[in-house]
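To keep things clear, I will list the structure first and then write my remarks on it.
Any value given below was found using the heavy atoms of this structure, including those in side chains, with hydrogens, waters and symmetry copies removed. We count ligands from 1, going down the list as the structure has it; atoms in each ligand are counted the same way.
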Amino acid sequence: MLTRKLIFAVMFVLTLAAGAVYAGGDAARGLELSEDCVDCHGDNGKGDEDTPAIAGLDAAKHVELLKGYQSGEIEDEDEMMLDYVADLSDQDMADLAAYYATLE
Ligand code: HEC
């Protein structure tokens with residue numbers, strides 16, 4: 001009985017810890033993932049006449065946008081984003097968002 005409680009307690013703490021990492025996002029990993037984004041959004045995320053700038057975007061807002069494209073909630077007018085967000089995990093999105101939030 002005690003062991004069981006202990007296991008639940010440990011699992012609970014681990015879940016919290018994982019949540020904290022997720023919420024923060026890993027900017028270094030985001031930089032690696034961003035190789036898929038630079039073709040359109042540019043090396044520094046500044047975009048061009050066809051592509052919106054994503055540099056300096058608030059991380060929470062960025063994740064919200066990516067999730068929006070993935071779920072189809074945001075209509076992807078030119079169908080440019082869909083392919084690139086389709087395979088992203090929540091962690092990938094958090095990492096990408098953390099990285100782009102570090103840019104000007
Ligand atoms: C093939 C070109 C292309 C690639 C690659 C691409 N994007 Fe985009 N992105 C666009 C276009 C174009 C838009 C504008 C909306 C639309 O028409 O799809 C956009 C919109 C966005 C937006 C919304 C910006 C806003 O202010 O509304 C975000 C955030 C974004 N992209 C992030 C990313 C990330 C992160 C990656 C890499 C995983 C990526 N994009 C890869 C072309 C691209």
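A donor-acceptor pair under 3.5 Å links the side-chain atoms of T102 to the main chain of Y99, judged by distance alone. With hydrogens and angles disregarded, no donor-acceptor distance shorter than 3.5 Å links the side chain of D78 to the backbone of M80.
Closest to atom 13 (C) of ligand 1 among all protein heavy atoms lies P52 CD, 3.4 Å. Atom 16 (C) of ligand 1 has its closest protein heavy atom at D76 OD1, 3.2 Å. Of the protein's heavy atoms, M81 CE, 3.4 Å lies nearest to atom 30 (C) of ligand 1. Of the protein's heavy atoms, C40 SG, 1.8 Å lies nearest to atom 2 (C) of ligand 1. Protein heavy atom closest to atom 25 (C) of ligand 1, with residue, atom name and distance, is L65 CD1, 4.0 Å. Closest to atom 15 (C) of ligand 1, if we only count protein heavy atoms, is Y69 OH, 3.5 Å.
Annotation: side chain of H41 is not in contact with side chain of K46 (no heavy-atom distance under 4.5 Å).
Close approach of ligand 1 to H62 is summarised as follows: ligand atoms under 4.0 Å from at least one heavy atom of the residue are 29 (C), 32 (C), 35 (C). For ligand 1, the atoms closer than 4.0 angstrom to any heavy atom of C37 are 34 (C), 35 (C), 36 (C), 37 (C), 38 (C), 39 (C), 41 (C). Close contacts of ligand 1 with D78, meaning ligand atoms under 4.0 Å from a residue heavy atom, involve 17 (O). Interface of L66 with ligand 1, defined as ligand atoms under 4.0 Å from a residue heavy atom, comprises 32 (C), 35 (C). Interface atoms of ligand 1 facing D36, defined by a heavy-atom separation under 4.0 Å, are 5 (C).
Nearest-heavy-atom check against atom 9 (N) of ligand 1 across E64, M80, H41, E35 picks out H41.
The minimum heavy-atom distance linking E104 with A55 is given by the pair O-CB, 3.3 Å. Nearest heavy-atom pair across L96 and C37 is CD2-SG, 4.0 Å. In terms of heavy-atom proximity, Q70 sits nearest to A86 at NE2-O, 3.3 Å.
In D50, the part holding a heavy atom less than 4.0 Å from any atom of ligand 1 is the backbone. Counting heavy atoms under 4.0 Å from ligand 1, residue I54 touches it through the side chain alone.
Heavy atoms from other residues, nucleotides or ligands lying under 6.0 Å from CG of D87 number 12 at most.
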Practice problem: Step by step, work out the side chain to side chain contact (heavy atoms under 4.5 Å, CB included) result for E73 and K67. | Solution: CA-CA 8 Å; E73 216 167 284; K67 287 197 169 176; over 6 Å; no
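Applying side chain to side chain contact (heavy atoms under 4.5 Å, CB included) to Y100 and the options L31, D95, I54, N44 leaves one that passes, I54.
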